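Written below as structure tokens is the structure these notes are about.
Treat the numbers as computed from the prediction; the structure is a model and nothing was measured. Counting from 1, the numbers follow the sequence of the chain as shown.
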Amino acid sequence: MLISAAAVAAMVATSFTQVALGAGPVTSGWQAQLGTSGANGSANVSAISTGVGSIGLKLVKLKPASTVPVVVYKGTCASVGALLFKLASIKTTTSGAASRTSALTTAQARALLGATQGTGKVAIRVGTGTSSKCGAFVKRSRFGPEAVVQAFYNWYVTDTNWNHLLVRPDLTPGFVALLKQFDGAANPIVCAQDYPDKFAAGAATMSGSSATVKVTSVLGNPTVKLTLGPAGWRISAVDCGFAQPAASAPRPDGRVRLASHGYPGKTTIVQGPFLGDDMYNATATGQAATVDNFNELERAFYTFDVSIQNDGSTADAFEVKATGTASTGWTVTYFRGTTNITSAVVAGTYETPPVLPGATYVITARITVDQGGDIVRLVTIQSVADATKVDSVKFAYKQTACGC
């Protein structure tokens, strides 16, 4: 009996869910957007029930070249409660940016876990006085890296079909592409030429959105590497201690162009040149499409194409997040074809399917006039295979002086 690829993928996903339940401790994750709609960056926390944890900060548009305090407290930005703990101060660059991943102490991780029980709220504040930026943490629970690894190996020792392996939902696209290249003598999953009856996943070592788990068996002891994304922890590599094919550095390449302009009932196709090809930065320098105009009628609109090109040499998926100051002058929406993906793009949880090397994936941004005025949006594109690899583009409308 022939089984379709879609059916195989569905059976594999079901198998993963059934095995993962109850397999190891559950990781709690929190994310806070600092400033209006995350205009000043984000804070991401991971902690597990044993008290291990880390906090990653990505900050922008703060006071330049300054050392600013970082505090975590009970309550919300509008209603400050008791101090939970202070983190080491962080120094911003001359552009007001900063990034850091720090381990949480056991006491700090447990304080977070305790403060967020039930309806408990926790927030983070960076800086002091009127220049400080605050964000309330939103809690997300997901299976921890140990549970993901244990579930994967529990499945793998019962199903050695290589084609089934390549459609596993708990492997990153980059790792799957690497497995397709493998031609060594020893199996790169079990690190041996034979298949053990069982594996045991050890405790995870976590740092921000990365983790490693040591796996033991009677034949091999691989070290499994994982990456945390919107869908949870996924396996990104297995280190067997012997040579494997080298993966090229992931490279997202964002490009942007003005696509159209119109009014209700009338659309003018523009499709200007894409800006930002083969340019890579997190600030959209040289990668911005801007419209300058004196005035616009209500309900007039502009659309911008955001093209995501995979400039790496292996397949990769990409997370997309749009940030910018909230505006009553414009309504901003995002589409993939005719599907509205606005909420996911704004939340930073939108993930493309795997994109082949050299291929592109296009989403469309539409700004519609309510009251008018200036508007700017920064769209950040992050590799799923390597969260440190990002590129950004901007689209903007600038209201100019009349000149009449």
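- Here the straight-line distance linking atom CD1 of I381 with atom OH of Y350 works out to 12.0 Å at 0.5 Å rounding.
- For P357 against G312, the heavy-atom pair with the smallest separation is CB-O, 3.4 Å.
- Aromatic pair Y397/Y302: ring centres closer than 6.0 Å.
- Of all heavy-atom pairs between N310 and D316, the closest is ND2-N, 3.6 Å.
- At least one donor-acceptor pair closer than 3.5 Å links the side chain of S236 to the backbone N or O of K225.
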| request: Go through the steps to decide whether I308 and V355 satisfy the test side-chain contact (heavy atoms from CB on, under 4.5 Å), and finish with yes or no. | output: CA-CA 9 Å; I308 303 165; V355 180; 5.7 Å; no

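- One N or O on the side chain of Y153 and one on the backbone of I189 form a donor-acceptor pair closer than 3.5 Å.
- Rounded to the nearest 0.5 Å, atoms OH (Y334) and OG1 (T364) are 11.5 Å apart.
- In this structure a side-chain-to-backbone donor-acceptor pair under 3.5 Å is missing from D311 to D253.
- Residues V68 and K91 are not in side-chain contact: their nearest non-hydrogen atoms beyond the backbone lie 4.5 Å or more apart.
- In terms of modelled atom types and a separation under 3.5 Å, the side chain of Q150 and the main chain of A201 share a donor-acceptor contact.
- At a cut-off of 3.5 Å, with distance as the only test, no side-chain donor of D305 or S307 sits close to an acceptor on the other residue.
- Between atom NZ of residue K398 and atom CG of residue N293 there is a gap of 12.5 Å, rounded to the nearest 0.5 Å.
- Side chains of D374 and Q399: no donor on one and acceptor on the other come within 3.5 Å.
- Residues K58 and A387 come closest through the heavy atom pair NZ-O, 4.1 Å.
- Between the side chain of R257 and the main chain of F304, no donor-acceptor pair closer than 3.5 Å is present.
- Remark: R251 engages no residue in a salt bridge (Lys or Arg N to Asp or Glu O under 4.0 Å) (not counting sequence neighbours).
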| query | For K214 and N221, what are the C-alpha separation, side-chain angles and deciding distance, and is it a side-chain contact (heavy atoms from CB on, under 4.5 Å)? | reply | CA-CA 7 Å; K214 188 71 174 180; N221 302 304; 4.0 Å; yes

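- A donor-acceptor distance shorter than 3.5 angstrom exists from the side chain of N40 to the backbone of K61, with no hydrogens or angles considered.
- Taking 4.5 Å as the limit, every side-chain heavy atom of T227 sits out of range of all side-chain heavy atoms of V384.
- For the atom pair OG1 (T368) and CZ (R366), the distance works out to 4.5 Å, reported to the nearest 0.5 Å.
- Smallest separation of non-hydrogen atoms from K394 and V256: O-CG1, 3.6 Å.
- Counting heavy atoms from C-beta on, the side chains of Q382 and K321 never come closer than 4.5 Å.
- Tested against I55 for a side chain to side chain contact (heavy atoms under 4.5 Å, CB included), the candidates L112, V70, I124 yield a single pass: I124.
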Distance-only criterion, 3.5 Å: show the donor-acceptor pairs between side-chain atoms of residues 71-87 and protein atoms not counting sequence neighbours.
from, atom 1, to, atom 2, distance (Å)
Y73, OH, R125, NH2, 3.3
T76, OG1, A78, N, 3.4
T76, OG1, S79, N, 3.0

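- When side chains are defined from C-beta on, F137 counts as touching V45, because their heavy atoms get closer than 4.5 Å.
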| request: Test side-chain contact (heavy atoms from CB on, under 4.5 Å) on W155 and R168 and set out the steps. | output: CA-CA 10 Å; W155 166 82; R168 286 289 295 185; 3.3 Å; yes

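- Judged by distance alone, with hydrogens and angles left aside, the side-chain atoms of T352 form a donor-acceptor pair with the main-chain N or O of F318 at under 3.5 Å.
- The closest side-chain donor-acceptor pair between T92 and S66, if any, does not fall under 3.5 angstrom.
- Judged purely by distance below 3.5 Å, without hydrogens or angles, the side chains of D292 and T400 never pair a donor atom with an acceptor atom.
- Distance alone, capped at 3.5 Å, is enough to place a donor-acceptor pair between the S383 side chain and the A385 backbone.
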| Step-by-step side-chain contact (heavy atoms from CB on, under 4.5 Å) determination, F175 to V238 | CA-CA 9 Å; F175 186 42; V238 176; 3.7 Å; yes

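- A heavy-atom distance below 4.5 Å is found between the side chains of K389 and P252.
- Of the possible polar contacts, one joining the T303 side chain to the S260 backbone as a donor-acceptor pair under 3.5 Å is found.
- Here the CZ-CD distance, from F274 to Q309, works out to 9.5 Å after rounding to the nearest 0.5 Å.
- Between N281 atom CG and Q287 atom CD the span is 5.0 Å, to the nearest 0.5 Å.
- Of the possible donor and acceptor atoms, one in the side chain of D391 sits under 3.5 Å from a partner among the backbone N and O of G254.
- Within the 4.5 Å cutoff, no side-chain heavy atoms of T323 are placed close to those of V60.
- Residues L378 and A282 approach most closely at CD2-O, 4.2 Å, considering heavy atoms.
- Taking all atoms of both residues into account, the shortest heavy-atom contact from L226 to V224 is CD1-O, 3.8 Å.
- Using a 4.5 Å heavy-atom cutoff, the side chains of S37 and V346 are not in contact.
- With contacts defined as side-chain heavy-atom distances shorter than 4.5 Å, the pair V122/W30 does not qualify.
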